[in-house]
Amino acid sequence: MRNTPPAGFVDFVVARGSALHRTAFLLTRQQQSAEDLVQIALAKAWRSWGRIDGNHEAYVRQIIVNEFASTWRRRWRGEVPTADLPDLPSHEDHGDSVSTHQLLIAALATLPPRQRAVVVLRFFHDYTEAATAEAMGTSVGTVKSQTFKALAALRISAELRPDLSPTLTVAEPEGTLR
Amino acid sequence: MKTTLDDLRVALHEQAHLSPYPDVDSLVAGARRRVGLARRRRLAALAASTAAVLVVGGLAATTTSTHRAALQPAVPGLGNFSVNAAGAGFPEFIQGMRRVTVLDAPMLARMKGSISVPTTPGEQLSVQMTCTWPQDSALTPATAPKAPKNDWLNRMQVTITGPGGKGIGRCSDQSVKGEPIGVAPGEAIGVATGETTTVSANASLAAAMPAGIAPPGYRPSVASPKGAKVHVAIYETVPWQEYPFPSRPTGANTPVWHTVRLLPDGIPDGTAVSGALACQIQGPTSAASANKPLSVGWPFDPISRLVLEVRGPGRLRVLIDGTNVSAVIADCPYLGCATRNGKVINVGAPEVSASLAPSPSDRSTPLRDGYLTYWSYEQVGATMPLDPQMATQIDAGVPAPKLGTSVTLTIIPQDFTGPDWRVIYEPVGKA
């Protein structure tokens, strides 16, 4: 059958579908949108499954991130990134960590898609800057600058940030999936 | 505000875990549809532009609508589960409990559902589960000698959450089709606090069978088995006085006692070490004496064993040297408990129990209001040491008696309708 999944494809979805869905859920924040995003990525991976060399999960996650970063803003109505974030309340206002976490997630939702993708890859998946750059098809310098801007927007304390030298390099042209 | 990267990492992980598990089938189906759609779009592009636009538009509309239907978005409430009014084979009353409701779900890779059930405040809630599959199914239970055609029974598990806890039931725990599986320690998920209680079920499919079970060359099955189902029964306890006990069997005064022969430590399998001469048996001989307390003194021996057997509805308390040890005995299976270094341990072994009575129940005994409770005419029992130290779990500081010192066993029965209990003292190794 022409629509038969390639060998190993379904096994892969059974084993890693949940992990991919978590990535998509962090990016889109919506169950239905996350499923759509994963399905789109899987459909793209389906067509090139036999040519993927090595890590299928990283490959599909790369599609998810790029699909989200490049096209999702057009699809997702009602969420407008803004440069002017309200100040996060102090610990005196909301002393418990639950509030802090909720505020961080709320603030994350206001980031532009590419910055949100960088945050998810760097601080949820613990990708290195180089791996993040590869996954997003961009340069390490761009990842650094996007991370810097994202953390600033999230109000992460400057002294607690990693070495994020704000080298604002010019972003390379968007890479395409190999 | 000192928000840290650790805060961010924790927040991301917490948020990720809020993500419901996706339905693997719908992910694959969605990808398939999109691939097909893209292929059709490419073909359509070769046609005349006007026709192509119409074809693509039609396909897109059709695919989108069917896609939405198949995605099965998270539905609050029962989700994939539905109420089975017929009960799915779960008894209406069992072991002092009443069946509240039964939920069914087709065996899918991910299933979720919750239900609010009518409950009685203060009553204990319990859950049982079964997995069923068509007779001609290629499903194969665990420990199959060769690769099963479909291994979902070995991988499917259901987590049931109640007001006071949760338990996990695995289809692989079920060796016989339709055999109930208790899903929590003691099968309990908490005490109802209101007129209604919410119980949720969350089923998932392990990625693969465990390495120790999986046969060589094993690959996980991916297709959901047609006709296979998961059934979850929610029970609540019924007060003793309100329980509909079964009628006493007719044609004989009582059910026949099964014979129990214990195999003590160090004795080879198949050796009868405790015949009638070695055992001392005490208990009522008629309905008139069924509820009279028994008090008897037997010599202490740390390796001797005491077998309490019951074959009819009733309740009783057991005291050793005046200390109520019923709560300890409640957790002792038929074969049995022993004391080691002042602690009660379970020494029952499956290979030993197989050589005993035809079908002795090996489950724990419900304890209500300090009484061991028995609810049917099935012979059940508990094996324990005649050792005051077994009370140390509930009353620390009881000294160990010297070998041969008389230890007093007291049994206080209640509500038996016939001579349906007995206690066997077995001085192991002295037969």
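In what follows, chains carry the letters A, B, and so on, assigned in the order in which the sequence lines appear, proteins first and then strands, with residues in each chain numbered from 1.
Scored by the ring pair (Phe, Tyr, Trp, His ring centres under 6.0 Å) test, A:Y127 finds A:H125 as partners (sequence neighbours excluded).
Counting all heavy atoms, side chain and backbone alike, B:S26 lies closest to A:E35 at OG-OE1, 3.4 Å. The minimum heavy-atom distance linking B:R110 with A:S18 is given by the pair NH2-OG, 3.2 Å. Across all non-hydrogen atoms, the minimal contact from A:A43 to B:A31 is CB-O, 3.7 Å.
Using a 4.5 Å heavy-atom threshold, the side chains of B:Q15 and A:F25 count as touching. Between A:L104 and B:L12 there is no side-chain heavy-atom pair separated by less than 4.5 Å. Taking 4.5 Å as the limit, some side-chain heavy atom of A:D126 sits within range of a side-chain heavy atom of B:R9. B:L8 has its side chain within reach of A:L151: a pair of non-hydrogen atoms, C-beta onward, lies under 4.5 Å apart.
Separation of atoms CZ (A:F12) and CG (B:L27) is listed at 10.5 Å; rounding is to 0.5 Å.
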### Verdict with reasoning, A:L42 to B:V28, per side chain to side chain contact (heavy atoms under 4.5 Å, CB included)
CA-CA 8 Å; A:L42 288 173; B:V28 174; 5.9 Å; no
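Formation of a donor-acceptor pair under 3.5 Å by the A:Q39 side chain with backbone atoms of B:R32 is not found in this model.
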